[in-house]
Amino acid sequence: VTEPCLLDSLKGKLLHHHSMEKFTSWRAGGAANSLYIPKDYDDLKFFIKQLPPNESLCFMGLGSNSLVLEGGFDGTIVITQGALMGLEKTSALTVTAGAGVSCAQLARFSAREGLTGLEFLAGIPGTVGGALTMNAGCYGGETWDRVASVELIDRSGAIIARSAKEFSPTYRHVDVPDNHFFVRGVFTCELGDSAHSLKTIKSLLAKRNAQQPTNWPTGGSVFRNPPNDYSARLIESCGLKGYKIGNASVSEKHANFIINEGGATAGDIIALIDHVSQCVYDKTGTRLEREVRIIGEYNDLV
Ligand SMILES: Cc1cc2nc3c(=O)[nH]c(=O)nc-3n(C[C@H](O)[C@H](O)[C@H](O)COP(=O)(O)OP(=O)(O)OC[C@H]3O[C@@H](n4cnc5c(N)ncnc54)[C@H](O)[C@@H]3O)c2cc1C
């Protein structure tokens, strides 16, 4: 942000050299050069428009799949969680949600409206923007199976509407043009039964609690599952459950989760990710691919 008069017009919160620890579910990580929490959509447009074009820009939701390296992010991170809101039934079978709405809110809202198809999202601890970016999924459901259309914001602050047909989502991935960020999603459901959908949500959450270390700070599944196999199975087969570097350890409950036992640094977590990946490769010949997004000092998103 260059001109003080422009700064005065911002309605959101602008922070400098701010640790991302509180903005990621790992509760670890370096600082963002600038961090912006917009007040609303108009404020976001205004903020983006006045950013220098060469400023690196990244969006984050609940930070449940992200780790900022200790060297920090030399650019601006926009936090959508709690900012880009709005959740409504926009036709008989569609629900429109802002990028900052949580997946749980979207799932419950749709269920209460008597719509079915989004129950699987209830236990994914992220935002709509994060779910669209990651094509988040579980228990047989994937985000993009349900997307009718999206809206993105570009670096000029313009909002661009796109049909789902213009995207080719794959497992935990969708290609998005550079410097475009999700601000809304429209989801298609089927007519369902509210009580039944809410019951489904309850049982999916119970299943998740039984399988995952949900009471620890984690970044979710660290590695994507290789074709026809499970990363957790491979990691466990290498005897890595409980393996620790610094204050980060491989979860005893689910081997594809790394937990922060308290005070773990991004460095501890990265070292453990590398160690696990190397061990699995050495012992099984499988190269695990990282699912977690590393946001790094060289302004790169991996
Ligand atoms: C306990 C636990 C369980 C999990 N279980 C699952 C699971 O079952 N299935 C699953 O798929 N995932 C799971 N995850 C991972 C994670 O919750 C999902 O990937 C989720 O979709 C991430 O959402 P987020 O808002 O937290 O994204 P963030 O971590 O904030 O961001 C993820 C990526 O999306 C980008 N991004 C975020 N918002 C936007 C936006 N508006 N526009 C453009 N880019 C954006 C970020 O730059 C980053 O690259 C789990 C995580 C945890 C901690």
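Indexing begins at 1, ligand by ligand and atom by atom, following the structure's order.
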Check each atom of ligand 1 against the heavy atoms of [X] and keep those under 4.0 Å away; list them by number with element.
X: Gly220; value: 2 (C), 50 (C), 51 (C), 52 (C), 53 (C)
X: Cys58; value: 47 (O)
X: Leu62; value: 24 (P), 25 (O), 26 (O), 30 (O)
X: Gly129; value: 38 (N), 39 (C), 41 (N)
X: Gly63; value: 26 (O), 28 (P), 29 (O), 30 (O)
X: Gly219; value: 53 (C)
X: Phe257; value: 1 (C), 2 (C)
X: Ser25; value: 53 (C)

Sequence neighbours excluded, which residues qualify as side chain to side chain donor-acceptor pair (under 3.5 Å) partners of Gln105?
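With sequence neighbours excluded, Gln105 shows a side chain to side chain donor-acceptor pair (under 3.5 Å) to Ser102, given in chain and number order.
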Mode of [X] contact toward ligand 1 - side chain, backbone, both, neither (heavy atoms, under 4.0 Å):
X: Ser66; answer: both
X: Arg208; answer: side chain
X: Ala136; answer: both

Modelled atom types, side-chain donor and acceptor of Arg155 and Asn179, under 3.5 Å:
yes
Distance-only donor-acceptor check, side chains Glu55 and Thr76, under 3.5 Å
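Indeed, the side chains of Glu55 and Thr76 share at least one donor-acceptor pair under 3.5 Å.
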Would you please indicate yes or no on a ring centroid separation below 6.0 angstrom for Phe47 and Tyr36?
yes
For atom 12 (N) of ligand 1, which of Gln81, Met134, Glu291 has the closest heavy atom?
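Among Gln81, Met134, Glu291, the closest heavy atom to atom 12 (N) of ligand 1 belongs to Glu291.
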More than 12 heavy atoms of other residues, nucleotides or ligands under 6.0 Å from NE2 of His275: yes or no?
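Check passes, neighbour count above 12.
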Do Val128 and Leu84 sit in one hydrophobic cluster, given that two such residues count as connected whenever their side-chain heavy atoms are within less than 4.5 Å of each other, even indirectly?
no
Sidechain-backbone polar pair: Glu70 side chain, Gly267 backbone, donor-acceptor under 3.5 Å
yes
